[in-house]
Amino acid sequence: MTFVLDPRDPSTPPPGGSFQDALLEGLNPQQRQAVLYRGPALLIIAGAGSGKTSVLTRRIAGLLATREAWPSQILAITFTNKAAAEMRERVQQLVGRQQAEGMWISTFHSACVRILRREAENFGFTKSFTIYDSADSKALIKRIIKELEADTFGITVSGAMNKISKLKNELSDVESYARGANFNDPGEVMFLQIFREYTKRLQSANAFDFDDLIGQTVYLFRAFPHVAALYQRRFRHILVDEYQDTNHAQYALIQELTRPVNQGDLPLDLQGKGHLDPASLTVVGDSDQSIYAFRGADIRNIVEFERDFPNSTTILLEQNYRSTQNILDAANSVISNNFDRKDKKLFTTIGSGEKIVGFTGYSGHDEAQFVADEITKLHDSGMAYKEIAVFYRTNAQTRALEDIFIRSALPYRVLGGTKFYERAEIKDAMSYLITVANPLDPMALRRIMNVPKRGIGPATEAALQNFADNNQTTLRDAMRNAQALGLGPKVTGAITGLALILDDVQATVDVPEGVAQAKPSDILKTLLDRTGFIEALRATRDPQDEARAENVEELLSVTKEFQKNNPDGTLLDFLTEVSLVAAADDLDDTSGTVSLMTLHTAKGLEYEAVFLTGIEEDLLPHRMSAGEPGGPAEERRLFYVGITRARQRLYLSLAMTRAQFGEVNVAMPSRYLQEIPPELIDWKQSPGDATSRNGTQPRALNARRGAFGAEGSLGTGASGFNGGFGGGFTGSGSGYENAGGPSATALARAARNAAKPKTEWANKITGTVRDNGDLTLAAGDRIRHVDFGDGRVSAVTGEGTKRVAEVHFDTAGRKRLLIKVAPIEKI
DNA sequence: CTTGCATTTTTTTTT
DNA sequence: AAAATGCAAG
């Protein structure tokens with residue numbers, strides 16, 4: 001038998017061995033056991049970086065290579081689409097592309113959509129149902145609350161939404177919730193009404209929300225045994241990654257799929273053929289990395305696995321192949337503060353490595369500057385940008401980082417956050433596609449009814465909805481019959497005109513069997529052209545609309561790209577893919593950029609160098625987690641996840657003050673910092689340094705002290721902190737820039753933190769990015785920088801808007817600056 | 001119906 | 001600081 005192994009994988013054996021040798025090459029005994037296990041249920045407790053992906057892929061490859069399973073009998077669930085693609089790729093490299101054809105490797109949500117599209121007609125949906133994302137659900141709930149005037153009961157949109165989501169994750173529907181409801185509580189009665197109405201409208205819109213995708217699939221299996229039997233029979237090996245983050249609905253789904261097949265439920269032609277035993281289940285997880293309790297993840301699923309599956313085997317993977325011992329020591333030490341956990345200690349043979357680097361900035365910007373400077377140093381010493389990542393707790397923290405990165409000409413990309421598909425103009429354009437795919441969906445239709453502006457306002461929309469309700473028809477149908485409403489001729493024409501466009505395009509999608517459907521990009525192009533969507537954006541005075549028009553054109557390229565990758569991809573396939581992209585999915589390994597993301601998004605990823613920023617009280621642990629039971633423990637796990645992403649270098653940074661809601665607040669070091677043995681951290685500037693050096697403290701900070709009064713002043717807070725930490729934070733005190741010694745860095749810092757002088761050029765900073773126009777610089781020029789003061793240009797590289805100046809500042813050391821946007825002037 | 005301005009609220013994390 | 005909301009004028 002011939003086989004291919006990943007040449008990048010150091011464990012790839014020399015050619016000539018048996019397949020089994022190749023399969024197990026480079027694995028430790030526990031990993032081998034996990035690859036070779038055959039039986040009903042296997043639990044792999046896999047510590048961070050313990051090679052579980054390798055184990056899972058080899059396990060699948062082994063099943064395929066020995067013909068124990070056909071590819072179509074394998075269902076592997078991953079946490080992101082990117083992880084799914086990677087796993088598929090690695091299995092294919094082991095057994096060949098053809099051998100792996102037909103495996104289901106996907107996320108819970110993608111797998112469920114696939115099942116639901118196939119089976120939805122069993123229970124009152126069509127295959128072209130819409131998937132409502134959180135924003136869609138929110139809009140619908142908001143509408144319902146308004147209609148029912150439920151806000152007078154103290155019910156908020158987000159409150160109702162969270163509650164509904166929580167209930168759905170517990171597989172509770174309106175009726176089961178009603179059974180236990182307290183009908184003497186008017187608020188609860190009102191909530192019940194909202195829940196009922198929400199459910200009804202999803203059904204009539206032919207739509208599922210995110211939670212439904214899982215919950216309704218479970219419902220489908222439970223209500224229709226003949227459907228369940230097909231999938232129980234089909235999937236012989238089910239593997240679930242990140243099992244610690246499954247919620248009850250996902251747990252129930254796995255339970256349904258691993259039931260023994262009831263012969264009588266199968267179609268006649270399948271009865272008595274094939275396997276009737278329950279599928280074999282493999283789950284992989286690590287309770288120390290459970291960070292999704294807020295969206296219903298239930299740690300008990302993994303803790304009680306052995307009870308749920310009495311015949312199961314458990315394997316522990318504790319050897320870490322990713323990080324240095326210093327990084328692991330820090331991680332172990334932090335996580336050991338969570339009681340109620342099985343003791344588990346990661347170890348490595350890699351060696352202790354560099355110390356962890358700590359830094360305390362005076363502000364979020366100061367911290368960001370440190371991060372940028374250190375990244376530049378790492379890059380100068382040969383580390384690729386794509387091997388570096390910056391993590392933070394909240395998306396809002398990206399602002400300061402982006403600001404500094406742009407000025408420093410650091411190539412970066414932000415994962416997640418305000419995603420492309422969340423932009424209003426993109427949602428509008430997507431709504432056109434949704435309306436064509438699913439004419440029953442009034443939410444999508446409402447969204448585009450007056451985009452571009454057609455003079456169809458709220459009153460007209462209400463009239464149409466009224467007509468639809470009175471005639472037991474859809475909003476879309478009401479638009480077709482707009483003449484019957486007796487509105488003005490202009491509005492009526494606008495409405496019927498839009499209805500005609502939508503009907504025309506829909507006719508190219510709803511084609512008879514055997515006829516080819518129109519392609520997503522052609523559909524979008526036609527819709528945009530006939531509605532004048534892009535021209536309307538270009539015709540306005542708002543300067544941002546040009547960027548919006550470009551975004552819509554970008555969406556058009558996305559549809560073309562999709563077609564290139566999926567030649568047979570339908571409109572529905574495209575809509576599904578877009579609905580289910582995860583933050584980590586737009587990671588592009590070839591981008592050559594530094595990656596910025598939240599700690600949650602970072603799960604499952606790894607980098608040579610990792611910067612954990614904002615390690616402060618109220619941020620990590622986050623203020624909002626304080627009230628939740630188990631909140632601080634989950635935040636600690638989040639910190640643990642962040643630490644364990646790093647292979648070689650780990651940086652921990654925080655700031656003494658942080659801007660929030662437009663005002664500056666004092667920040668305190670996170671309690672979790674104390675949990676790392678002090679000798680593991682090399683503080684370039686410790687929290688103590690940043691507060692106790694009165695002589696060199698920046699002006700702006702001194703000025704601010706008065707504002708806080710005695711009680712909340714930095715002085716008081718700082719000494720309290722120093723006492724509490726028993727001197728553990730006494731760092732080198734030399735400042736992080738070695739260029740000019742302590743006094744120089746202190747000066748630079750003072751300059752950086754001082755109130756910005758209101759010179760002409762300072763005012764040029766408009767919006768988020770400043771523009772120096774065609775300012776030209778050459779080596780030898782003297783310049784002045786808002787934060788770093790005066791300096792001399794030593795070199796200029798790059799072209800056009802990407803020109804970068806390397807500057808030796810008199811006090812702040814060497815920096816690289818993007819000439820077009822840096823806050824500089826020639827002197 | 002649309003536009004512009006004033007006011008208020010908002011940030012945890014995500015499929 | 002930015003986004004969402006509300007209100008009044010055109």
Side-chain angles (χ1 to χ4, degrees), chain A residues 77-84 106-113 131-135 137-139 142 146 156-158 162 165 168-169 208-215 242 245-247 249-250 290-297 364 391-400 403 415-419 421-422 424 449-450 452-461 487-488 490-491 494 540-542 576 578-585 597-603 614 618-628 631 634-635 637-639 641-642 658-664 767-768:
Chain A
I77 302 287
T78 57
F79 204 66
T80 62
N81 298 298
K82 181 174 179 278
S106 71
T107 63
F108 268 110
H109 289 85
S110 300
C112 287
V113 168
I131 300 165
Y132 279 8
D133 66 17
S134 316
S137 302
K138 193 172 185 180
K142 191 174 195 172
K146 204 166 200 170
T156 63
V157 177
S158 59
N162 289 338
S165 175
K168 287 189 176 185
N169 286 333
F208 294 115
D209 65 20
F210 276 142
D211 301 319
D212 283 341
L213 294 179
I214 316 292
E242 307 286 6
D245 280 321
T246 51
N247 60 35
Q250 292 165 335
S290 160
I291 55 173
Y292 280 103
F294 72 91
R295 71 175 202 209
F391 303 155
Y392 36 81
R393 180 62 175 77
T394 68
N395 284 304
Q397 290 167 252
T398 52
R399 268 183 218 137
D403 194 22
L415 299 190
T418 312
K419 280 174 272 176
Y421 294 106
E422 283 169 13
M449 207 179 300
N450 201 29
K453 300 237 179 327
R454 304 185 170 91
I456 308 175
T460 310
E461 187 200 300
L487 295 162
K490 225 167 132 185
V491 196
T540 66
R541 244 168 319 180
D542 189 337
T576 303
V578 169
S579 300
L580 298 179
V581 286
D585 289 342
M597 70 193 84
T598 65
L599 284 164
H600 283 89
T601 302
K603 191 172 79 154
D618 290 348
L619 216 43
L620 190 75
H622 196 274
R623 187 181 303 108
M624 297 313 238
S625 73
E628 299 284 315
E634 175 147 322
E635 299 282 307
R637 291 194 291 270
L638 202 47
F639 189 40
V641 166
R658 194 165 291 275
Q660 196 190 14
F661 299 148
E663 60 179 334
V664 179
T768 51

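No experiment lies behind these values; they were computed from the predicted model shown.
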Sugar-phosphate, base or nothing in reach of Ser579(A), heavy atoms under 4.0 Å: nothing
Reported CG-to-OG1 distance for the pair Asn162(A) and Thr156(A), which is rounded to 0.5 angstrom: 8.0 Å
Separation between CD of Glu634(A) and CD1 of Ile291(A), rounded to the nearest 0.5 Å: 7.5 Å
Aromatic ring pairing His600(A)/Phe294(A), orientation class (parallel under 30°, perpendicular over 60°, tilted between): perpendicular
Spacing between Phe391(A) atom CZ and dT13(B) atom P, to the nearest angstrom: 16 Å
Side chain to side chain contact (heavy atoms under 4.5 Å, CB included) against Ser106(A), all qualifying residues, sequence neighbours excluded: Ser110(A), Ala111(A)
Sugar-phosphate only, base, or nothing, as touched by Ala659(A) at under 4.0 Å among non-hydrogen atoms: nothing
Aromatic ring of His622(A) stacked on base six-ring of dT12(B), 5.5 Å, 30°: yes
Aromatic-base stack, Phe294(A) on dT14(B), cutoff 5.5 Å, angle under 30: no
Nearest-0.5 Å distance, OG1 of residue Thr601(A) to CG of residue Asn395(A): 7.0 Å
Sugar-phosphate only, base, or nothing, as touched by Tyr292(A) at under 4.0 Å among non-hydrogen atoms: sugar-phosphate
Pairing annotation in dot-bracket form, given for DNA chain B with Watson-Crick or G-U pairs under 3.5 Å and | for cross-strand partners: ||||||||||.....
Presence of Thr80(A) side-chain N/O under 4.0 Å of dT15(B) phosphate oxygens OP1/OP2: no
Nucleotide dT14(B), atom C1' - distance to CG of Asn395(A) in whole Å: 10 Å
Among dT15(B), dT14(B), dT13(B), the nucleotide that comes nearest once only the side chain of His109(A) is considered: dT15(B)
Between dT14(B) (P) and Met597(A) (CE): distance, integer Å: 11 Å
Pairwise C1' distance, dT11(B) and dG6(C) [rounded to whole Å]: 23 Å
Nearest-nucleotide pick for Lys453(A), side chain only, options being dT2(B), dT14(B), dC1(B): dT2(B)
CG-CZ distance between Leu580(A) and Phe108(A), expressed to the nearest 0.5 angstrom: 14.0 Å
Closest listed nucleotide, where the reference is the side chain of Phe661(A) and the choices are dC1(B), dT12(B), dT10(B): dT10(B)
Position toward the 5' end of DNA chain B (nearest nucleotide), Thr394(A) or Gly455(A): Gly455(A)
Residue list, salt bridge (Lys or Arg N to Asp or Glu O under 4.0 Å) with Asp211(A), at least two apart or on another chain: none
Interatomic distance where CD1 belongs to Ile214(A) and P belongs to dT15(B) [whole Å]: 13 Å
Touch class at under 4.0 angstrom, heavy-atom based, for Asn450(A) against every strand present: sugar-phosphate
Touch class at under 4.0 angstrom, heavy-atom based, for Arg399(A) against every strand present: base
Length of the line joining Lys168(A):NZ and dT15(B):C1', which is rounded to integer Å: 14 Å
Spacing between Ile456(A) atom CD1 and dT2(B) atom P, to the nearest angstrom: 9 Å
Between dT15(B) (P) and Asp212(A) (CG): distance, integer Å: 18 Å
Atom-pair distance (CE on Met624(A); C1' on dT10(B)), nearest Å: 10 Å
Thr601(A) side-chain N/O to dT14(B) phosphate OP1/OP2 under 4.0 Å: yes
Residue mapping more 5' on DNA chain B - nearest nucleotide basis, Arg454(A) or Leu638(A): Arg454(A)
Cationic N near anionic O, under 4.0 Å, Asp618(A) to Arg658(A): no
Reported NE2-to-CG distance for the pair His622(A) and Leu638(A), which is rounded to 0.5 angstrom: 11.0 Å
Sugar-phosphate only, base, or nothing, as touched by Ser134(A) at under 4.0 Å among non-hydrogen atoms: base
